[in-house]
Amino acid sequence: STWGYNFLLKSNQKAMNIPNLLLVLVLNSLLLFSNIAKAESTEAIKVDQILVGEVVEPTEIIQPVTTVEKVDPAKYAGLWYGISEIPFRNNKELYCIRAQYTFNEAEKTISVYNSGVIKGTQDQIRGARGVATPVDNSFSKFSIQFEGSPFPGDYWIIDVDSCYKWALVGGPDRKTGFILSRYPRISKRLLRRLLNKFRKNGWNPEEFVGVSPCPG
């Protein structure tokens with residue numbers, strides 16, 4: 001190094017004894033190791049900064065569930081068939097699942113009768129009755145109370161066909177999800193489109209399973 005060279009000149013330009021030479025070599029070695037340590041420390045800081053940046057990278061924020069803007073309860077009433085749903089205890093043993101809704105205009109509520117045929121039988125029906133009370137004037141969010149159930153449930157209409165041929169129903173926690181249709185069967189193309197609507201609203205389409213349709 002330049003420092004070592006200058007030291008040599010100042011010590012003795014014509015001749016240098018061995019102790020001075022050894023001292024210069026030792027000092028140069030210490031300076032070299034010091035520079036290497038500083039470089040490694042700087043590099044470590046850069047790596048740490050990169051790792052920290054990756055750890056604190058913001059994650060995707062799940063937006064609240066959105067429902068259809070307005071529902072006509074009179075048009076929504078009638079018979080619906082279950083096409084696909086997130087499985088839950090009450091329906092796992094059933095097929096040919098249907099929902100009959102009756103709009104009570106005076107009370108502004110909807111009477112509900114859900115039913116399905118027990119698997120392994122042809123005509124053994126299991127059903128449940130309840131009342132759905134709208135949360136607001138949009139008629140897209142209901143609190144539904146079934147007979148014999150201690151707590152009400154959420155019934156949110158996520159989307160509905162303009163002609164009320166199909167409907168997507170779920171809740172604010174996304175733990176339930178139903179695809180309903182006026183017909184026992186729908187095309188695979190329509191099913192994919194409706195599942196994609198659920199996906200855009202924060203649901204996982206892979207959680208849905210098909211409902212075995214009614215015979216015939």
CG on L195 to NZ on K200, rounded to 0.5 Å: 12.5 Å
Note, I110 side chain near Y155 side chain (heavy atom, < 4.5 Å): no
Side-chain heavy atoms of V169 within contact of L180, under 4.5 Å: yes
Nearest-0.5 Å distance that lies between atom CZ in R182 and atom OH in Y81: 10.5 Å
K175 side chain to I86 backbone, donor-acceptor under 3.5 Å: no
Non-hydrogen atoms of P134 and K108 that approach each other most closely: CD-O, 3.0 Å
Stepwise side chain to side chain contact (heavy atoms under 4.5 Å, CB included) check, I118 with I125: CA-CA 6 Å; I118 300 176; I125 297 176; over 6 Å; no
Heavy-atom side-chain proximity of W166 to K197 below 4.5 angstrom: yes
Hydrophobic cluster identity match, Y76 and I144, side-chain contacts under 4.5 Å: yes
R189 CZ: over 12 foreign heavy atoms closer than 6.0 Å: no
OG1-CD distance between T176 and E85, expressed to the nearest 0.5 angstrom: 10.0 Å
Exercise: identify the closest heavy-atom pair between P152 and Q145: N-OE1, 3.3 Å
Validation row: I97, N91 side chains within 4.5 angstrom (heavy atoms): yes
Stepwise side chain to side chain contact (heavy atoms under 4.5 Å, CB included) test for I83 and V211: CA-CA 5 Å; I83 301 297; V211 176; 6.0 Å; no
Side-chain H-bond candidate by donor/acceptor type, S143 with D154, under 3.5 Å: no
R129 to Y113, cation-pi by 6.0 Å centre distance and 45° axis angle: yes
Single-linkage hydrophobic cluster, 4.5 Å side-chain cutoff, W80 and F142 together: yes
N104 side chain reached by S111 side chain, heavy atoms, under 4.5 Å: yes
R199 and N196 side chains, donor-acceptor separation under 3.5 Å: yes
S187 side, atom OG; R192 side, atom CZ - distance, nearest 0.5 Å: 8.0 Å
Verify same cluster id: L191, F208 (apolar side-chain graph, 4.5 Å): yes
Audit row: E93, R126, side chain to side chain contact (heavy atoms under 4.5 Å, CB included) steps and yes/no: CA-CA 10 Å; E93 299 177 355; R126 180 184 299 168; 3.3 Å; yes
NZ/K165: more than 12 non-hydrogen atoms of other groups inside 6.0 Å: no
Aromatic plane relationship, F139 with F103 - under 30° parallel, 30 to 60° tilted, over 60° perpendicular: perpendicular
same_hphob_cluster(I186, W203) at 4.5 Å side-chain heavy-atom cutoff: yes
Audit row: F198, I158, side chain to side chain contact (heavy atoms under 4.5 Å, CB included) steps and yes/no: CA-CA 8 Å; F198 265 122; I158 310 304; 4.2 Å; yes
Donor-acceptor pair between T67 and S140 side chains, under 3.5 angstrom: yes
Flag, side chain of Y164 to backbone of D72, donor-acceptor distance under 3.5 Å: yes
Side-chain heavy atoms of K75 within contact of V160, under 4.5 Å: no
CG/D173: more than 12 non-hydrogen atoms of other groups inside 6.0 Å: yes
Within-4.5 Å side-chain heavy-atom neighbours: F146 and V112: yes
Ring-ring centroid check F88 F178, cutoff 6.0 Å: yes
same_hphob_cluster(L94, V117) at 4.5 Å side-chain heavy-atom cutoff: no
S84 (side chain) donor-acceptor with V209 (main chain) under 3.5 angstrom: yes
Euclidean distance, S138 OG relative to K70 NZ, rounded to 0.5 Å: 6.5 Å
For the student: nearest non-hydrogen atoms of V68 and D159, plus distance: CB-CA, 4.2 Å
Non-hydrogen side-chain atoms of L79 and Y101 separated by less than 4.5 Å: no
Value rounded to 0.5 Å, distance of NZ in K141 from CH2 in W156: 4.0 Å
